[in-house]
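What follows is a set of notes on a single structure, which appears directly below.
Throughout, a chain's letter reflects where its sequence line sits, starting with A, and its residues are numbered from 1.
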Amino acid sequence: MGRNFFIRPTLNVARDLLGKYLVHETNKYRLVGKIVEVEAYLGERDPASHSYRGKTKRNEVMFRSGGYLYVYFTYGMHFCCNVVTGREGIGRAVLLRAVEPIEGKQWIRARRAKSPTEVDLCNGPAKLCQAFGIDRRDNGTDLCGKIIWIGATASDGKKFAIGSSTRIGISNGRKHRWRFFIQGNPFVSRGKPAK
DNA sequence: TTGGTGATGTTT
DNA sequence: AACATCACCAAA
């Protein structure tokens, strides 16, 4: 997708990311996953967002213009990745929470050796990053480049129903239903929304 | 199937 | 001290 796809209201980008492909390509392999679950984080108006209190060294990438990858380290062992949205200067992004493996499954399985079944390979934000080999080195990657990008697919559009719920694993901003997923898709994480 | 907890490091 | 998580174990 081109830059203009990302420089739009965050909630629209979040819903439109569903059904699209996340691609990670190197000279060794090409990994592709269909995005089935995301969460929107709306910056200064969202107490659950990393950018709620303004720009820091950690969240600097969130304040770039749309179309960059914000990767953060969490819980002492995991990485999660976000698609930055909107104009430069506002810290908003969409967390990628789950994808359905499409291509390069041998590499994905190798990285996710602990995963007992196909659906457990990428059904969580940290699992997804582990499966796709995304870590702190990928923070700030331009998604309009040739290494990690978002691809349009045939399943784009209105061929599936979009479900929504409150976001998972947060303590502030619980009231907002800013988690979106492809309804009925088995590769959506089974994490329950926080009450 | 559900719920509790340890692992582990960065940020506040 | 909390944290945008995961894997493992025990209980029912």
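Phosphate contact (OP1/OP2 of dA4(C), side-chain N/O of R58(A), threshold under 4.0 Å): absent. Remark: S171(A) is in phosphate contact with dC3(C), judged by side-chain N or O atoms under 4.0 Å from OP1 or OP2. OP1 or OP2 of dA7(C) sits under 4.0 Å from a side-chain N or O of K127(A). The phosphate of dT8(B) (OP1 or OP2) has no side-chain N or O of H78(A) nearer than 4.0 angstrom.
For Y72(A) against dA4(C), a side-chain N or O and a base N or O form a donor-acceptor pair under 3.5 Å.
Using a 4.0 Å heavy-atom cutoff across all strands shown, R97(A) reaches sugar-phosphate atoms only and no base atom. At the heavy-atom level, A48(A) lies under 4.0 Å from base atoms of the strands shown. Note on R136(A): nothing from the nucleic acid sits closer than 4.0 angstrom, heavy atoms only.
Under 3.5 Å, the side chains of S165(A) and R179(A) contain a donor-acceptor pair of N or O atoms.
Closest contact between the side chain of H50(A) and the listed nucleotides dA4(C), dG9(B), dA7(C) involves dA4(C). The side chain of Y70(A) has dA4(C) as its nearest neighbour among dC6(C), dT12(B), dA4(C). Candidate nucleotides dC6(C), dT12(B), dA4(C) were compared by shortest atom distance to the side chain of A126(A), and dC6(C) ranks first.
Following rounding to the nearest Å, D120(A) (CG) and dC6(C) (C1') show an atom-to-atom distance of 11 Å. If you measure from atom CG of N59(A) to atom P of dC3(C), you get 17 Å, rounded to the nearest angstrom. Rounded to an integer number of Å, the gap from L42(A) CG to dA4(C) P is 16 Å. Nucleotide dC6(C) holds its P atom 13 Å from the CZ atom of F73(A), rounded to whole Å. Atom C1' of nucleotide dT11(B) and atom NZ of K55(A) are separated by 18 Å, given to the nearest angstrom. The interatomic distance linking I168(A) (CD1) with dC3(C) (C1') rounds to 16 Å, in whole Å. Put simply, CZ on R111(A) is 20 Å from C1' on dA7(C), counting in whole angstrom units. Separating the CE atom of M77(A) from the C1' atom of dT10(B) is a distance of 14 Å, rounded to the nearest angstrom.
Using the six-membered ring where Trp is involved, F73(A) and F79(A) have ring planes that are tilted, between 30° and 60° apart. Taking the six-membered ring for Trp and thresholds of 30 and 60 degrees, W107(A) and Y29(A) have ring planes inclined between 30 and 60 degrees apart.
Between D138(A) and C81(A) there is no side-chain heavy-atom pair separated by less than 4.5 Å.
Between atom CD1 of residue I90(A) and atom NZ of residue K55(A) there is a gap of 12.5 Å, rounded to the nearest 0.5 Å.
Partner assigned to dA4(C) is none, using Watson-Crick or G-U wobble distances below 3.5 angstrom.
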